[in-house]
Amino acid sequence: IEDTDRERSTDAAVQAILDGMAWLGLEPDLGPYYQTERMDRYREAAEKLLAEGKAYYAYESKEAIEAMREAAKAKGEKPRYNGYYRDRNEACRDDPNRVIRFKTPREGSVVFEDKVKGRIEIANSELDDLVIFRSDGYPTYNFAVVVDDVDMGITEVIRGDDHVNNTPRQINIYEALGAPVPAFAHLPMILDKDGKKLSKRTNAVSVMDYREQGFLPHAVLNYLVRLGWSHGDQEVFSIDEMQRLFDVGDVHKAASRFDTEKLAWLNQQYLKNDNPKSLVPEFRWHLERAGIDVAAGPDPAAVIVALRERVHTLKEMAERAQIWYAPISEWDAKAVKKHLGSATAPAVLEAAREALQNLPTWAPEPIHEMVREVSEKLELGMGKIAQPLRVAMTGTQVSPSIEDTIYLCGRDTALARIDEALRLAASA
RNA sequence: GCUCCCUUCGUCUAGUGGUUAGGACAUCGCCCUCUCAAGGCGGUAACACGAGUUCGAGUCUCGUAGGGAGCGCCA
């Protein structure tokens with residue numbers, strides 16, 4: 001993290017990264033990020049360049065610099081500083097407002113082999129003499145990153161491709177410092193659904209936003225690794241496979257769009273295939289956030305099993321789980337009319353109530369058997385049995401399989417809800 | 001304006017001169033079915049455009065168009 005912008009809190013930025021990584025299960029290995037603690041190193045590096053004639057003191061007013069830019073623009077070139085003090089180093093040494101500028105080579109070009117973009121060549125004539133130390137005595141980003149990376153022995157720089165244009169400047173600084181130039185890999189940007197830049201206003205940008213939306217860390221990682229990269233036809237990757245198979249060299253050059261629907265699909269794959277017990281902590285987090293008293297209902301692992309094929313996110317799962325942790329808050333009028341108001345409903349509910357009351361073992365399988373037996377006894381199709389019971393249990397006509405729905409209510413609640421449904425049936 | 005980068009189904013991608021251009025998400029249809037799903041089977045759907053090189057081009061070259069990034073005493 002290079003944060004010399006004292007307008008913002010570095011602590012908050014670092015904490016957000018730490019939180020996100022912890023949730024994703026990644027171990028942070030942060031380099032120095034408080035630049036104030038490394039000021040001596042930046043000064044030392046700048047002194048060295050100054051002594052070797054690779055940098056110089058300069059002072060121009062904002063207006064003067066602006067005029068140079070305009071002049072360059074007028075010539076059809078890109079706006080830039082003209083290097084007036086290049087060979088007048090001493091002139092500004094004692095000026096309190098002076099900056100230190102890097103002497104960019106005037107001839108030739110910088111060529112580097114980017115691991116994802118391939119060969120990139122930029123002429124030095126396109127670069128100007130950038131400021132490496134500001135008048136306030138702090139180093140600028142392009143200089144600080146290089147010094148930090150040299151000190152940390154960084155051999156491979158992987159970052160967003162919005163940095164490709166900075167790379168030649170940085171390579172020049174590495175070389176001026178006599179340090180080995182690392183390898184570079186510039187990853188393409190991720191755009192939103194409409195191909196626009198991801199923005200905090202309209203998109204989820206922080207990994208923690210995805211947690212709130214009910215996605216699993218593993219699913220987020222899996223989705224992200226597949227964005228701009230692939231390994232044959234494989235879609236689902238374990239962490240171990242990601243580490244083993246991923247290679248920056250295989251990353252696509254073009255930007256990609258973030259498709260929440262595919263993330264949702266992947267999330268469900270993990271919901272369905274992971275051990276339900278391992279999902280409980282994250283699910284519990286969502287239940288509590290939804291204001292649900294987990295102690296008032298069934299084992300969350302059993303709820304996961306009942307709902308995992310029916311939802312795409314844990315947030316949705318927590319919402320749908322409500323019916324087993326709290327009283328039915330609202331009866332769907334259409335459902336009541338259609339399934340409780342039918343001629344056969346009372347008999348079905350009575351029969352089921354009695355069978356449930358006498359069921360020796362309270363488990364999905366016996367309950368399923370019971371429903372089947374009632375169906376045979378009353379000579380009614382499964383739909384005529386299951387739907388009234390479903391409305392009785394949930395107040396709606398949509399829920400998991402009828403045996404799971406009844407089982408998760410628990411015997412007492414199930415019987416009470418049938419009684420309530422019986423009353424509704426009588427007045428319907 | 002200047003410089004750099006990018007361009008295969010709606011989306012994520014496979015493809016490195018000869019393929020019926022493959023897979024996945026989404027979508028549509030059918031099957032299964034106690035609702036909703038999940039699952040199974042099948043369908044629609046792409047090489048931005050134009051020149052060239054070549055016996056042959058999604059694959060190589062050039063150009064055009066479109067998109068993105070950068071051009072600070074921000075990072």
Side-chain angles (χ1 to χ4, degrees), chain A residues 1-5 7-8 13 58-60 62 65-66 69 72-81 97-101 114 116-118 120-123 125-128 130-142 144-145 160-169 186 188-189 191 193 195-197 223 226-236 252-266 268 271-272 307-312 320 335 339 368 371-372 375 380-391 394 396-403 405:
Chain A
I1 300 171
E2 291 302 333
D3 196 356
T4 54
D5 184 350
E7 301 289 305
R8 266 191 334 227
Y59 174 74
E60 271 95 4
K62 275 184 182 158
I65 293 175
E66 195 46 42
R69 295 217 168 86
K73 238 171 151 176
K75 283 196 287 181
E77 295 170 352
K78 68 168 66 170
R80 63 187 163 208
Y81 173 70
N97 291 317
R98 57 106 173 94
V99 298
I100 300 175
R101 283 186 184 268
D114 191 279
V116 348
K117 304 280 183 185
I120 293 178
E121 172 169 4
I122 294 177
S125 58
E126 293 299 329
L127 278 19
D128 63 1
L130 70 156
V131 171
I132 57 176
F133 256 81
R134 305 196 286 243
S135 55
D136 66 2
Y138 283 89
T140 57
Y141 164 76
N142 278 111
V145 243
D161 68 6
D162 48 340
H163 281 287
V164 292
N165 291 283
N166 282 328
T167 307
R169 301 173 196 289
H186 287 98
M189 308 258 94
L191 278 15
K193 199 172 174 46
K196 298 287 177 209
K197 210 165 145 185
Y223 179 73
R226 269 288 285 111
L227 210 52
W229 175 85
S230 66
H231 180 73
D233 288 340
Q234 192 170 343
E235 295 288 348
V236 179
H252 260 39
K253 295 180 180 184
S256 49
R257 300 183 188 206
F258 198 101
D259 181 8
T260 310
E261 301 215 351
K262 187 151 183 179
L263 205 212
W265 173 80
L266 254 180
Q268 189 185 47
L271 247 25
K272 286 195 312 181
L307 286 171
R308 61 184 174 181
E309 289 179 356
R310 298 172 161 78
V311 298
H312 288 96
R320 306 257 305 248
H339 299 293
H368 176 78
V371 174
R372 212 183 47 74
S375 160
L380 290 168
M382 287 292 274
K384 287 280 183 199
I385 310 297
Q387 282 307 79
L389 282 170
R390 193 177 326 268
V391 176
T394 69
T396 71
Q397 35 190 337
V398 177
S399 84
S401 70
I402 193 60
E403 61 266 27
T405 302

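Letters A, B, ... are given to chains in the order of the sequence lines, protein chains preceding strands, and every chain is numbered from 1. All heavy atoms count here, side chains included; hydrogens, waters and symmetry mates do not.
Using a 4.0 Å heavy-atom distance criterion, A:Leu227 is classed as a sugar-phosphate-only contact. Nucleic acid contact for A:Ser135: base, since at least one base atom lies under 4.0 Å from a heavy atom of the residue. Within the nucleic acid shown, A:Lys253 comes within 4.0 Å of sugar-phosphate atoms alone, with no base atom in reach, counting heavy atoms only.
Residue A:Lys384 contributes atom NZ, which lies 14 Å from atom C1' of B:rU35 at whole-angstrom precision. Rounded to an integer number of Å, the gap from NE2 of A:His252 to C1' of B:rA14 is 8 Å.
The listed nucleotides are B:rC34, B:rC74, B:rC4; the one nearest the side chain of A:Ile120 is B:rC4. Distances were taken from every side-chain heavy atom of A:Ile65 (C-beta onward) to each of B:rC5, B:rC34, B:rC73; the shortest belongs to B:rC73. Picking from B:rA26, B:rC6, B:rA69 the nucleotide with the shortest atom distance to the side chain of A:Ala254 gives B:rC6. When each of B:rA24, B:rU3, B:rC73 is scored by its nearest atom to the side-chain atoms of A:Lys262, the top-ranked nucleotide is B:rA24. Comparing B:rA14, B:rA38, B:rG70 by their nearest atom to the side chain of A:His312 picks out B:rA38. Among B:rC73, B:rC4, B:rU35, the nucleotide with an atom closest to any side-chain atom of A:Val398 is B:rU35. Checked against B:rG23, B:rC71, B:rC73, the side chain of A:Val99 finds its nearest nucleotide in B:rC73.
When side chains are defined from C-beta on, A:Thr405 counts as touching A:Thr394, because their heavy atoms get closer than 4.5 Å.
Of the P atoms belonging to B:rG10 and B:rU64, the separation is 27 Å, rounded to the nearest Å.
Remark: A:Arg69 is in phosphate contact with B:rG72, judged by side-chain N or O atoms under 4.0 Å from OP1 or OP2. Considering only side-chain N and O atoms, A:His163 lies nowhere under 4.0 angstrom from the phosphate OP1 or OP2 of B:rC4.
At a cut-off of 3.5 angstrom, the base of B:rC25 holds no donor-acceptor pair with the side chain of A:Gln268. With hydrogens and angles left out, the side chain of A:Ser256 and the base of B:rC12 share no donor-acceptor pair within 3.5 Å. Donor-acceptor pairing under 3.5 Å, judged by distance alone, is absent between the side chain of A:Arg80 and the base of B:rC71.
In this structure, B:rG70 forms a base pair with B:rC2, meeting either the Watson-Crick or the G-U wobble geometry with both donor-acceptor distances under 3.5 Å.
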